[in-house]
Amino acid sequence: LNGTSIKGQWQYRDQIDYLPQIARFPENLTVSELIALIKDLRGGNPRDAELIELFELGKYMNKRLVNLSGGTKQKVNLTLAFMYESPLIILDEPTSGLDPVAMLRLRDLIKREKETGKMILITTHIMSFVEEIADEIVFLLEGTIYFRGTIAELKEKYQETNVERAIAQIITVTA
């Protein structure tokens, strides 16, 4: 990680933040209790206030997680994933359940984080999202890598105008 071997180490985990596709948090907790729990576990210097404002979570802070919509839970999950200044952020289906405003804010946040030198690994089925924010794409199908390169290289190789059509060609050929 960042040029350092992690073999036999565990401290590297502090340098990775992760957003699961489906977050499983104790549903009896409120949003503020969950954020406090993560802050207690991680320590350090979190930037939760900035993210709470970005995703407009203020009015949900005292609500229990069980009572939140899927989109609001995803905003909480995104807040937790970006709360620390880790050099690697792994996002699994980050757009799931997001409304258009939250989606735009997430795109802008990812772009800002990339500009600071962070590596952001995203798994998603939303090709328009990939096309807009990815520097490099790796297309995996059933554990096999079928393409690795830039968006421009993908489009050129498959003579397509967008990522979705190029990926569809790969799937059609491999099926």
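Sequence positions, counted from 1, serve as the residue numbers for this chain. Treat the numbers as computed from the prediction; the structure is a model and nothing was measured. Atoms considered below: every heavy atom in the structure, side chains included; atoms not considered: hydrogens, waters and symmetry mates.
- Ala102 approaches Phe55 most closely through the heavy-atom pair O-CE2, 4.1 Å.
- The environment of CE in Met119 is sparse: at most 12 heavy-atom neighbours from other residues, nucleotides or ligands sit within 6.0 Å.
- Atom CD of Glu50 sits in a crowded spot, with more than 12 heavy atoms from other residues, nucleotides or ligands closer than 6.0 Å.
- Applying the side chain to side chain contact (heavy atoms under 4.5 Å, CB included) test to Gln169 and every residue at least two apart in sequence or in another chain returns Tyr158, Glu160.
- At a threshold of 4.5 Å between non-hydrogen side-chain atoms, the residues Ile110 and Phe82 count as touching.
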Exercise for the section: May I have the step-by-step check of side-chain contact (heavy atoms from CB on, under 4.5 Å) for Leu106 and Phe129, ending in yes or no? Expected result: CA-CA 10 Å; Leu106 173 61; Phe129 187 73; 4.2 Å; yes

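- Within a 6.0 Å sphere centred on CD of Gln21, other residues, nucleotides and ligands contribute more than 12 heavy atoms.
- For Ser32 (side chain) and Met61 (main-chain N/O), a donor-acceptor pair under 3.5 Å exists by modelled atom type.
- Nearest heavy atom pair, residue Ile89 against residue Ala81, reads CG2-O, 4.3 Å.
- Considering CG of Leu121 and CD of Glu136, their distance stands at 10.5 Å, rounded to 0.5 Å.
- The side-chain heavy atoms of Thr174 and Thr144, taken from C-beta on, include no pair separated by under 4.5 Å.
- Residue Asn45 qualifies as open at atom CG: its count of foreign heavy atoms under 6.0 Å is 12 or below.
- More than 12 heavy-atom neighbours from other residues, nucleotides or ligands sit within 6.0 angstrom of CZ on Arg47.
- Taking Ile, Leu, Val, Met, Phe, Trp and Tyr as members and joining any whose side-chain heavy atoms lie under 4.5 Å apart, directly or through other members, the hydrophobic cluster of Val138 also contains Leu140, Ile145.
- In this structure Lys39 satisfies the side chain to side chain contact (heavy atoms under 4.5 Å, CB included) test together with Ile35, Pro46, Asp48, Met83, Tyr84, sequence neighbours excluded.
- Closest non-hydrogen pair, Lys114 versus Ile120, comes out as CG-CD1, 3.9 Å.
- Counting heavy-atom neighbours within 6.0 Å of Lys63 NZ, excluding the residue itself, gives a total of 12 or less.
- Using a 4.5 Å heavy-atom threshold, the side chains of Ile122 and Val130 count as separate.
- Glu85 has a carboxylate O that lies under 4.0 Å from a charged side-chain N of Lys118, or vice versa, which qualifies the two as a salt bridge.
- Residues Tyr60 and Val101 do not share a hydrophobic cluster, clusters being chains of Ile/Leu/Val/Met/Phe/Trp/Tyr side chains in contact below 4.5 Å.
- One hydrophobic cluster, built from ILVMFWY side chains closer than 4.5 Å, holds both Val76 and Leu37.
- Following chains of ILVMFWY side-chain contacts shorter than 4.5 Å, one cannot reach Leu19 starting from Leu104, and the two form parts of different hydrophobic clusters.
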Name the atoms and distances for all side-chain donor-acceptor pairs under 3.5 Å in residues 22-29, with sequence neighbours left out.
none

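- For Glu153 against Thr150, the heavy-atom pair with the smallest separation is OE1-N, 2.8 Å.
- To the nearest 0.5 Å, the span separating CD on Gln74 from CG on Leu68 amounts to 12.0 Å.
- Under the 4.5 Å side-chain heavy-atom criterion for grouping Ile, Leu, Val, Met, Phe, Trp and Tyr, Ile170 is connected to Val163 within one hydrophobic cluster.
- The distance from the OH atom of Tyr18 to the OG atom of Ser86 is 14.5 Å, given to the nearest 0.5 Å.
- A single hydrophobic cluster is not seen to contain both Met127 and Leu98; linkage of ILVMFWY side chains at heavy-atom distances under 4.5 Å, directly or through other members, places them apart.
- Atoms CG and CD1, from Leu88 and Ile16 in turn, are 5.0 Å apart once rounded to the nearest 0.5 Å.
- In this structure the side chain of Arg105 never reaches within 4.5 angstrom of the side chain of Leu78, judged on heavy atoms.
- With a 4.5 Å cut-off on side-chain heavy atoms, Glu131 and Ile137 do not count as touching.
- For residues 88-101, the pairs satisfying salt bridge (Lys or Arg N to Asp or Glu O under 4.0 Å) are Lys75-Asp99, with sequence neighbours left out.
- For the pair Glu33 and Arg64, the minimum side-chain heavy-atom distance is below 4.5 Å.
- Every residue meeting the side chain to side chain contact (heavy atoms under 4.5 Å, CB included) condition with Arg112, not counting sequence neighbours, appears here in chain and number order: Leu54, Asp108, Leu109.
- In this structure, Val31 and Leu65 have side chains that are in contact, with non-hydrogen atoms separated by less than 4.5 Å.
- Under the 4.5 Å side-chain criterion, counting only non-hydrogen atoms from C-beta, Tyr146 is not in contact with Val173.
- Across every non-hydrogen atom of Arg42 and Asp17, the tightest pair is NH1-OD1, 2.6 Å.
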